[in-house]
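Taking it in order: structure first as structure tokens, then the write-up.
As the structure is a prediction and not an experimental result, all values here were calculated from the model. All values below come from the heavy atoms of this structure, side chains included, with hydrogens, waters and symmetry mates left out.
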Amino acid sequence: MALRVVQWATGSVGIAAVKGILEHPELELVGCWVHSEAKSGKDVGEIIDSGPLGVTATNRTEDILDLDADAVIYAPMLPNVDDVIALLRSGKNVITPVGWFYPGRTEAAPLEEAARAGNVTLHGAGIGPGAATELFPLLLSVMSTGITFLRAEEFSDLRTYGAPDVLRHVMGFGGSPETALTGPMQKLLDGGFIQSVRLCVDRLGFAAEPKVRTSQEVAVATGPIDSPIGTIEAGQVAARRFHWEALVGDTVVVRITVNWLMGEENLDPPWTFGPAGERYEMEVRGNPDTFVTVKGWQPESVAEGLDSNPGIVATAAHCVNAVPATCAAAPGVQGFFDLPPITGRAAPHLAR
């Protein structure tokens, strides 16, 4: 029988996850939580612009807790640990791209207790963090001995990210450098990316300092830049770069970086993606070195990205594909290396 899955939140990741659930031969969509009153009561098919699905969205947490379901793909804009604990206690496995990839003991304790009480599992998945920043580089490391450095880096054009409120009010684009540098984005990102760094450090066995070094930079527009938040004017933030580093003494042994640019024109400093364009890079230095560039998780054009951003679809796909393994896992908080290898599934028209 198919595993019964609830989608929690229907932003861009949530919509992609619903579509992924509908394509997956082992899963059945049985519920959907939405944030807004306007979406509550609608058929989920209307929310994702498809035909009717026979599943009605609700903004009542109690409706989801009472529902007979095996798993919840939990994808709100910002996580609420109390919601996750309640879902786990209600006997629902939780797969999420918004945290708990490799939580510390203190952070994990109430989640572990709730998961064991519900006899279910919590698993963090996604793309960055959640795959490109730790899982995939660590998998590449199997081809080297004597590892001295691991790096994961994203280069993305955020003109393809159709979430203007997030871009402006959370990520700080279109504002002053001072506002961006003192805003909430660093703290929000730290929650996941620091876990990525610590997982890499622990799996590779580096004698790194417990504190992860963080830093950020901004570039401002030198002229008008068209963007999802409207025109970014000269002097306003038009690019951001964040670093997370683990050190052994003065030596950086793990570095994760994100480069988010509103295009490559009219920037000061004059940051660019370089000749390789938008991409994800993963590097392992050892014997031998490994360097991998991943293309395809960013759209070919701004218009394509605003219609369907591949990185968002990939984030959702990782969560969807992780549902069966998570449901079969031992109760508790389970990371990548606690589950068996996870793969995607054949397209329905090609499946046996």
Side-chain angles (χ1 to χ4, degrees), residues 79 81 96-113 115 121-155 185-217 240-259 279-294 318 322 329-330 332-342:
V81 68
T96 178
V98 295
W100 306 294
F101 312 100
Y102 188 60
R105 184 173 301 174
T106 300
E107 182 183 2
L111 295 157
E112 281 276 359
E113 193 276 331
T121 301
L122 170 64
H123 177 65
I127 186 169
T133 50
E134 65 291 280
L135 173 59
F136 297 156
L138 285 171
L139 292 177
L140 292 172
S141 74
V142 74
M143 308 305 292
S144 302
T145 59
I147 294 168
T148 61
F149 178 69
L150 181 148
R151 176 178 66 91
E153 189 159 2
E154 174 190 353
F155 300 81
M185 201 60 197
Q186 180 77 65
K187 183 177 180 180
L188 290 173
L189 294 175
D190 283 352
F193 284 100
I194 287 176
Q195 289 183 39
S196 297
V197 171
R198 287 177 173 156
L199 176 58
C200 293
V201 166
D202 289 351
R203 292 296 300 193
L204 296 175
F206 286 121
E209 300 294 328
K211 182 175 177 59
V212 173
R213 184 169 70 184
T214 64
S215 60
Q216 58 174 312
E217 308 164 69
R240 304 202 65 175
R241 179 179 289 154
F242 296 86
H243 304 279
W244 294 268
E245 298 174 319
L247 294 93
V248 176
D250 295 328
T251 302
V252 176
V253 292
V254 176
R255 176 185 295 126
I256 296 173
T257 299
V258 296
N259 302 272
R279 65 202 182 276
Y280 285 78
E281 288 183 351
M282 303 161 201
E283 178 183 9
V284 178
R285 295 182 195 165
N287 182 26
D289 295 338
T290 301
F291 185 91
V292 171
T293 298
V294 177
H318 191 188
V333 180
Q334 305 287 2
F336 304 120
F337 299 101
D338 301 312
L339 302 182
I342 296 168

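A 4.5 Å side-chain heavy-atom check between P79 and T96 finds every atom pair outside the cut-off. The shortest distance between side-chain heavy atoms of P103 and V333 falls below 4.5 Å. L199 has its side chain out of reach of L135: every pair of non-hydrogen atoms, C-beta onward, lies at least 4.5 Å apart. Side-chain contact check for I127 versus H318: every heavy-atom pair is 4.5 Å or farther apart.
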**OP:** Given side chain to side chain contact (heavy atoms under 4.5 Å, CB included), test R213 with V252 step by step and report yes or no.
**Re:** CA-CA 10 Å; R213 184 169 70 184; V252 176; 3.6 Å; yes

**OP:** Decide yes or no on side chain to side chain contact (heavy atoms under 4.5 Å, CB included) for L150 and L140, but give the supporting numbers first.
**Re:** CA-CA 10 Å; L150 181 148; L140 292 172; over 6 Å; no

**OP:** Show your working on side chain to side chain contact (heavy atoms under 4.5 Å, CB included) between F193 and T214 and close with a plain yes or no.
**Re:** CA-CA 10 Å; F193 284 100; T214 64; over 6 Å; no

**OP:** Evaluate the side chain to side chain contact (heavy atoms under 4.5 Å, CB included) criterion for residues D190 and W244: first the C-alpha distance (whole Å), next the side-chain angles of each, then the deciding distance (0.1 Å), finally the verdict.
**Re:** CA-CA 8 Å; D190 283 352; W244 294 268; 2.8 Å; yes

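Atom CG in D289 sits 7.0 Å away from atom OG1 in T148 (nearest 0.5 Å). Distance OG1/T290 to CZ/R285: 12.0 Å, rounded to 0.5 Å. Distance check: T133 OG1 to Y280 OH gives 9.0 Å after rounding to the nearest 0.5 Å. Atom CG of residue N259 and atom CD of residue E217 lie 8.5 Å apart, to the nearest 0.5 angstrom. Expressed to the nearest 0.5 Å, how far NE2 of H243 lies from CZ of R151 amounts to 11.0 Å. Here R203 contributes atom CZ and I147 contributes atom CD1; the two are 11.5 Å apart, rounded to the nearest 0.5 Å.
Side chains of E107 and W100: a donor-acceptor N/O pair is present below 3.5 angstrom, by distance only.
By the 30° and 60° cut-offs, the orientation of the rings of F336 relative to F101 is parallel.
Closest approach of V253 to A208, counting heavy atoms only: CG2-CB, 4.4 Å. Closest heavy-atom contact between Y102 and Q195: N-OE1, 2.7 Å. When every heavy atom of G249 is checked against every heavy atom of E209, the shortest pair comes out as N-OE2, 4.5 Å. Between A131 and G126, the shortest heavy-atom distance links the atoms CB-O, 3.4 Å. Closest heavy-atom contact between A322 and H123: CB-CD2, 3.9 Å. Taking each heavy atom of E134 and P129 in turn, the nearest pair found is OE1-CB, 3.8 Å.
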